[in-house]
Amino acid sequence: MSVVQSIRSAAAAAIKALYEQTIPAKDIAINTTKPEFEGEYTVLVFPFTKFSRLKPEETADQLGKYLVEHNPDLVAGYNVIKGFLNLQICEQYWAQYLQQHFNNRNIGKKPSNGKKVMVEYSSPNTNKPLHLGHLRNNFLGYSIAEILKANGYDVIKANLVNDRGIHICKSMLAWQLFAHGDTPESTGIKGDHLVGDYYVKFETILKEQTEPIIARALENDFKDFQGTDLERIEKLVTLFHKPEIKADEEKHAKLNDEIKELSRKQTEIMQQAQIMLQQWEAGNHEVRTLWSTMNGWVYKGFDETYKRLGIDFDKMYYESETYLLGKDLVEEGLAKGVLFKKPDNSIWIDLTADGLDEKLLLRGDGTSVYMTQDLGTARLKYDDYQMEQSIYVVADEQNYHFKVLQLILKKLQEPCADGIFHLSYGMVELPHGRMKSREGTVVDADDLIDETITAAAEQTANSGKLDDMPEEDLQTLHKMLGIGAMKFFLLRVDPKKRMVFDPKESIELHGFTSVFVQYAHARIKSILREVAPNADKLEGYCHKGSLLPLEKELILLNEQYDSVLEEALKEMSPSVIANYVFQLAQQFNSFYAEKVEGKYTYSVQDAETPEKQKLRTQIVMLTARTIAKSMKLLGIDVPERM
RNA sequence: GGACCGGUAGCUCAGCUGGAUAGAGCAGCUGCCUUCUAAGCAGCAGGUCAUUGGUUCGAAUCCAAUCCGGUUCACCA
């Protein structure tokens, strides 16, 4: 039981004894005591005044007295300021906690709760290399999986690869037309980048071919359009030229987009891509072969990137294998009367009663849409693992989609429905706005990794502390620091929030960064190397004397690790861990550096007594463990030296 | 227009199950390396917590309205 829990239950018992009132222990509000007051934890007594019928000060005083008398192992003393009851926790309590945990390898780890959870994350398209946005997703997914594991869950990390569809055909077609048989081997270009280059090539050609079509359409020359597209473009252009529409900037821009989109459809290259997609669906041998070859290049590239990032998966799903799923569910839903058919044979669900819209699930021609396959895949995952919870790490632009997905599954009475959880995260923006591929502002993941590692290498060389380190170890260290910096930078912000990614700041290695935390860890290890020879019999040692302020503070912070771990799970937010571990490192650095008249207050090596040395050795060992554990939850390793 | 999310220091973010004088980092300014790692420490300065009203002993935190920004409401994925 944590200190806070102990205080809560002691306070609940006290209130029962004093005022004959039963309050659930968890409802008692406890804060850490502000540094300017004496004590470690503070009970807010305002809520109790209604049954004590006393002033807040008097209530606090009664409660404090009772707690000290009845909990001699926990509460050593108290002071009252207004309705705040500041408690001083027994120094023995901290010393015992320290003795029990300083060498605990599994600190904070909860025993298995037998519950299975799937975390789906990463889920890339195979037409382009990974970019900054994917990094936030990957780091989040990995970290959440670690946090779940530490809280006792059995976790399946899944990756649903979007390996088919029109966007893949675009890369394939452009490669066919322009690559002259180039391969990653022949060009030396990483597979995912090579394929991405042809996607870009496709878009360039598409733009060239689209422009004259738009220009003609705006001059009322519609020879590029046929059938229903012809009808639509005529309407759109007529509207587009109306003065009242021109005046409404937003509407005008929207119309402009629609005209552009419709024009893109008419280009030769887009139509070729569409044909290729049909051929792929029909199982055309040549197309399928090209598809597997190019996807193979991409996977090899992705694997390399995943490996550098230290990210892995237990289960791969491929959309090419799941995109036809979901039709059975739709048929069943139709039979149950949950879904309905429109005159054109398309199948829908009506969610208007739930404040949403009607949603299409099968087109009139019987082909499925995104939602259909997600329904089917949800069932497939559940059939595979029967997990209690299925977490989707997906950007917040799909909030509506997941709301609808869960609702439909509920209406279809699928057993997986209740466990669906959309871990929605905000977009990563650059200081000047969103990344836009058309403006070439997309930050490539591989480039970014290289840059941060290089920055770490430069910094290490500048410090000159590790000139004796073998080259191989240095490279491991640079990677640890560089990748850690990226992960920390992207995880330290609450996932729900949009965040600004400043490339300059991301390679910054001072302040609220992983490097700061890693440095604190390396310092501790350095201390431990020095004192190791005379650090015997630590296991049985429980400090008896009094504790200096920062000794106590550090133990206290370490003790909070458990509840921080629970909090991170509850909030589904690694940022809770990042903030905590930074605070812990900060606290350690103060402990490390405090100096009075040229002498370190908390020196371990030159401690004033052998007892103090043992105590401080235990404290720094515990701190190093907590730092390492916390960072591990973020997917970040910590060095012995740096 | 409907729905959802956000607005806290010059910048990036904590704090939000209501509680003490709203905190970090960066940037700016002062000090501190003969000492267990200065990738550090100590300090200064910086705030109408978007606005207005309400609930309360007490509001950055809860409620309502307004303003600003974002996302979404596709037979795209």
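Chain letters run A, B, ... following the sequence lines, proteins first, then strands; residues in each count from 1.
Classified by its glycosidic torsion, B/C33 falls in the syn category, the angle being within 90° of 0.
Here the C1' atom of nucleotide B/G69 and the CE atom of A/M427 are 15 Å apart, to the nearest Å. Residue A/R136 contributes atom CZ, which lies 13 Å from atom C1' of B/U12 at whole-angstrom precision. In this entry the distance linking CG of A/L615 with P of B/C36 reads 21 Å, nearest Å. A straight line from CZ of A/R498 to C1' of B/U12 spans 14 Å, rounded to a whole angstrom. If you take CZ of A/F488 and P of B/A39, they are 18 Å apart, rounded to a whole angstrom.
As judged by a 4.0 angstrom heavy-atom cut-off over every strand, A/Q459 is placed among the base-contacting residues. Contact annotation for A/Y602: base contact, defined as any heavy-atom pair under 4.0 Å involving a base atom. Backbone-only contact: A/V500 has heavy atoms under 4.0 Å from sugar-phosphate atoms and none from a base. Across all strands, A/M642 comes closer than 4.0 Å to base atoms (heavy-atom distances). In this structure, A/E319 reaches the sugar-phosphate backbone alone: every heavy-atom distance under 4.0 Å involves primed, P, OP1 or OP2 atoms, never a base. Among the protein residues, A/T367 comes within range of no part of the nucleic acid, since none of its heavy atoms lies under 4.0 Å from any strand. Residue-level contact check: A/N86 touches the bases, meaning some heavy atom is under 4.0 Å from a base atom. Within the nucleic acid shown, A/F37 comes within 4.0 Å of at least one base atom, counting heavy atoms only. Contacts of A/G598 with the nucleic acid, taken as non-hydrogen atoms under 4.0 Å apart, include base atoms. The residue A/L356 sits apart from the nucleic acid: no heavy atom pair falls under 4.0 Å. Residue contacts for A/D494: at a heavy-atom cut-off of 4.0 Å it reaches the sugar-phosphate backbone alone, with no base atom in range. A/V493 comes within 4.0 angstrom of sugar-phosphate atoms only, judged by non-hydrogen atoms across all strands, and of no base.
Picking from B/A39, B/G6, B/U37 the nucleotide with the shortest atom distance to the side chain of A/K497 gives B/G6. Side-chain proximity of A/Y592 to B/U72, B/U37, B/C41: nearest is B/U37. Nearest to the side chain of A/H510, among B/A39, B/C73, B/G19, sits B/A39. Nearest nucleotide to the side chain of A/N589, out of B/U37, B/C41, B/A77: B/C41. Distances from the side chain of A/E397 to the nucleotides B/U71, B/U35, B/C41 place B/U71 closest. Residue A/S526 places its side chain closer to B/U37 than to any other of B/U37, B/A20, B/A39.
For the P atoms, the distance from B/C49 to B/A9 is 10 Å, rounded to whole Å. Comparing B/U30 with B/A45, their P atoms sit 15 Å apart, to the nearest whole Å. For the P atom pair drawn from B/U8 and B/G69, the interatomic distance equals 14 Å after rounding to whole Å. Comparing the P positions of B/A60 and B/G53 gives an interatomic distance of 14 Å, to the nearest angstrom. B/G6 and B/G47 have their P atoms separated by 26 Å, given to the nearest Å. As rounded to the nearest Å, B/U55 and B/C63 have P atoms that lie 16 Å from one another. Taking atom C1' in both B/A22 and B/A14, the straight-line distance is 11 Å, to the nearest Å. Rounded to whole Å, the separation between the P atoms of B/C57 and B/G18 comes to 15 Å.
Stacking between A/F46 and B/G19 is shown: the ring centroid lies under 5.5 Å from the centre of the six-membered base ring, and the planes differ by under 30°. Residue A/F84 and nucleotide B/G19 are not classified as a stacked aromatic pair, given the requirement of ring centres less than 5.5 Å apart at an interplanar angle below 30°.
For the OP1/OP2 pair of B/U71 and a distance below 4.0 Å, the side-chain nitrogens and oxygens of A/R434 include at least one atom meeting the criterion. Using a 4.0 Å cut-off, some side-chain N or O of A/Y519 falls inside it from OP1 or OP2 of B/A39. Within the structure, a side-chain polar atom (N or O) of A/S590 is placed less than 4.0 Å from OP1 or OP2 of B/A42. Taking side-chain N and O atoms only, A/R523 has a distance below 4.0 Å to OP1 or OP2 of B/A38. Look at A/K359 and you won't find any side-chain N or O under 4.0 angstrom from OP1 or OP2 of B/A74. OP1 and OP2 of B/A14 both lie 4.0 Å or more from every side-chain N or O belonging to A/N579. Using a 4.0 Å cut-off, some side-chain N or O of A/R363 falls inside it from OP1 or OP2 of B/C76. Contact annotation: A/H401 side-chain N/O to B/A77 OP1/OP2 distance is not under 4.0 Å. Remark: A/K403 is not in phosphate contact with B/A3, judged by side-chain N or O atoms under 4.0 Å from OP1 or OP2. OP1 or OP2 of B/G25 lies within a sub-4.0 Å distance of a side-chain N or O belonging to A/Q586.
Ion pair A/R492/A/E505 flagged as a salt bridge, since at least one NZ, NE, NH1 or NH2 atom sits closer than 4.0 Å to an Asp/Glu carboxylate oxygen. Ionic pairing of A/D494 and A/K496 is present here: one or more N-O contacts between side-chain nitrogen and carboxylate oxygen are shorter than 4.0 angstrom. Salt-bridge annotation for A/R53 and A/E58: absent, with no side-chain N of the basic residue lying under 4.0 Å from a carboxylate O of the acidic one. Taking the charged nitrogens against the carboxylate oxygens, A/E608 and A/R616 do have a contact shorter than 4.0 Å, which makes a salt bridge.
Checked against the 6.0 Å centroid threshold, A/Y323 and A/W280 count as a close aromatic pair. Ring centroids of A/F402 and A/F421 are separated by 6.0 Å or more, keeping the two rings apart.
When Watson-Crick and G-U wobble pairs are counted only if both distances are under 3.5 Å, B/C62 pairs with B/G54. Across all strands shown, B/U48 remains unpaired; no Watson-Crick or G-U wobble contact has both distances below 3.5 Å. Remark: B/G1 base-pairs with B/C73; criterion is Watson-Crick or G-U wobble with both hydrogen-bond distances under 3.5 Å. Base pairing analysis places B/G40 opposite B/C32; the two distances defining the Watson-Crick or G-U wobble pair are each below 3.5 Å.
Contact of the A/Y602 side chain with the A/L548 side chain is registered, since non-hydrogen atoms from C-beta on lie closer than 4.5 Å. Residues A/L490 and A/L132 form a side-chain contact, since some pair of their non-hydrogen atoms from C-beta on lies under 4.5 Å apart.
Between A/T32 and A/V369, the residue whose closest nucleotide on RNA chain B is further toward the 5' end is A/T32. Nearer the 5' end of RNA chain B, as judged by each residue's closest nucleotide, is the contact made by A/E505, out of A/E505 and A/K570.
Scanning atom types as modelled, one donor and one acceptor separated by under 3.5 angstrom connect the side chain of A/K595 and the base of B/U35. A donor-acceptor contact under 3.5 Å is not formed by the side chain of A/D606 with the base of B/C36. With hydrogens and angles ignored, no donor-acceptor pair under 3.5 angstrom links the side chain of A/S575 to the base of B/A14.
Between A/F488 and A/F512, the ring planes lie perpendicular to each other; the angle is over 60°, past the 30° to 60° tilted range.
A/T33 and A/T42 share a side-chain donor-acceptor pair at under 3.5 Å.
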